[in-house]
Amino acid sequence: MTDVVRVDAERPDRAAIRRAADRLRDGGLVAFPTETVYGLGVHALDREAVRRLFAAKGRPASDPVIVHVAAREDLEPLVRGVPDAVSALAARFWPGPLTIVLPRSAGVPDEVTAGRDTVAVRVPAHPVAQALLVEAGVPVAAPSANLFSRPSPTQAAHVIVDLDGRIDMVVDGGPTLVGLESTVLDLTGAVARVLRPGAVTVEMLRAILPRVETSGPEAAAEDQAAGMASPGLLPRHYAPRTPLLLYGGGDAALPALLRDAREVLATGRTIGLLALEEDRKMLGALDAPPSRMHVVTLGSVGNLEGVATRLYAALRELDAAGLDLILARELPVTSGLGLAINDRLGRAAHEHRTC
Ligand code: TXA
Ligand code: MG
């Protein structure tokens, strides 16, 4: 039912892109790679298609989706006025993993914005996404191409697992580079505010804009109570089905994790471990057979890009292993990309242990 078309990530086949673009213009649901994660695209101005998109993902209608366009110039019809800050941000970060929230124009359907007065817009950098947007010639609404509340897909295979038979087409351009969803920056308030941290880091934004606020857990809770800001940023959003215990607290986290892992193994249960390269030696001391303990390594904390790229595939792998419990620790970094990685780990966690 779902057509899967393989294309070269750098030089996608024109005919394949034309077919995908035709499908999009006709109201079809087409998954495609962006540099962050795979998106599930539909014609953003086709209300019926957007409704089908929400149904296919099982996404609540209250959670607005990002509109993707080929270039900065395509922004105007979607928004009411373009603040000065956008030019500077676009010049530096577009195309790329930055989404900007602005007051929306009347042309954007309520289905896209969940009835809000704002719209989130992004210009993706991936050559396949670029080719598709140029060929389609319409704005494309695209959430991540996963079932609601599953980890975002970083490979076409993840899209198929979640959505086979529910969507029209998958353009398979291989694994995505960044591995985490775009940074979402809200420019509708008095001060710019990061609603979702990502590969365009707060530090990078502050180099362009004098003031950028972040939404800490308290701010997010307040917003949720008031029904504002980013409704999709639920405290638990990317959760695996297997319960995940997340250990915070810096240096104390790993010893606490090991102690608990030993206890759980002693009761005969099976565990999965989301590990850093640096943890492997200590984890070796657990000495459990592979049938009881499944370790996935994210790479070194010295290479956060690599950790981000692997995170969602690792969560899916551990989840598919049918274990009783997954144990992970927060990264011992709170700036740059570390902020985004810890944010996603936090949302994937069923329980937090601060050590
Ligand atoms: O990297 C990405 O952003 C990927 C790729 C496909 O572009 N897309 C993605 O979309 O992650 P999605 O729908 O999974 O996440 C969009 C986030 C949600 O948290 C949503 O609530 C927020 O952006 N959002 C969308 N429109 C918004 C708006 N008008 N105001 C505030 N937040 C908004
Ligand atoms: Mg998503």
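In listed order, ligands and their atoms are each counted from 1.
Listed by number with element, the atoms of ligand 1 under 4.0 Å from a non-hydrogen atom of Gly39 are 6 (C). Short contacts between ligand 1 and Ala120, defined as distances under 4.0 Å to a heavy atom of the residue, involve ligand atoms 25 (C), 26 (N), 27 (C), 29 (N). Less than 4.0 angstrom separates some heavy atom of Val37 from each of these atoms of ligand 1: 4 (C).
Using a cutoff of 4.0 Å between basic side-chain nitrogens and carboxylate oxygens, Arg72 and Glu76 are scored as salt-bridged. For Arg206 and Glu203, the salt-bridge test fails: no basic side-chain N is under 4.0 Å from an acidic carboxylate O. A salt bridge links Asp260 and Arg353; the closest N-O separation between the charged side-chain nitrogens and carboxylate oxygens is under 4.0 Å. With respect to Arg292 and Asp287, no salt bridge is recorded, no charged nitrogen being found less than 4.0 Å from a carboxylate O. A salt bridge links Asp117 to Arg80: at least one charged side-chain nitrogen sits closer than 4.0 Å to a carboxylate oxygen. Here Arg122 pairs with Glu35 in a salt bridge; the nearest charged N to carboxylate O distance falls below 4.0 Å. Classification of Asp110 and Arg104 as a salt-bridged pair holds, one side-chain N sitting under 4.0 Å from a carboxylate O.
Between Pro64, Ser62, Ala31, it is Pro64 that holds the heavy atom closest to atom 25 (C) of ligand 1.
On a distance-only criterion, Arg122 and ligand 1 share at least one N/O pair closer than 3.5 Å. Considering backbone and side-chain atoms alike, Ser144 places an N or O below 3.5 Å from some N or O of ligand 1. At a 3.5 angstrom cut-off on N or O pairs, His68 counts as close to ligand 1. Below 3.5 Å of separation, one finds an N or O of Arg196 facing an N or O of ligand 1.
Residue-level proximity to ligand 1 for Arg104 is absent, since no heavy atom of it falls below 4.0 angstrom. The parts of Thr118 lying near ligand 1 are both backbone and side chain, judged by heavy-atom distances below 4.0 Å. With a 4.0 Å heavy-atom cut-off, ligand 1 is reached by the side chain of Leu195 but not by its N, CA, C or O.
Using 4.0 Å as the threshold, Arg59 has a heavy atom nearer than that to some atom of ligand 1. Using a non-hydrogen distance threshold of 4.0 Å, Asp63 registers as a contact of ligand 1.
Val333 and Leu311 fall within the same hydrophobic cluster, where Ile, Leu, Val, Met, Phe, Trp and Tyr residues are linked whenever their side-chain heavy atoms come under 4.5 Å apart, directly or through other members.
Taking backbone and side chain together, Ser144 holds an N, O or S atom under 2.8 Å from the Mg ion (ligand 2).
The side-chain hydrogen bond (donor to acceptor under 3.5 Å, both in side chains) analysis of residues 294-304, with sequence neighbours excluded, yields the pairs Glu278-Ser300, Arg280-Thr297, His294-Glu317.
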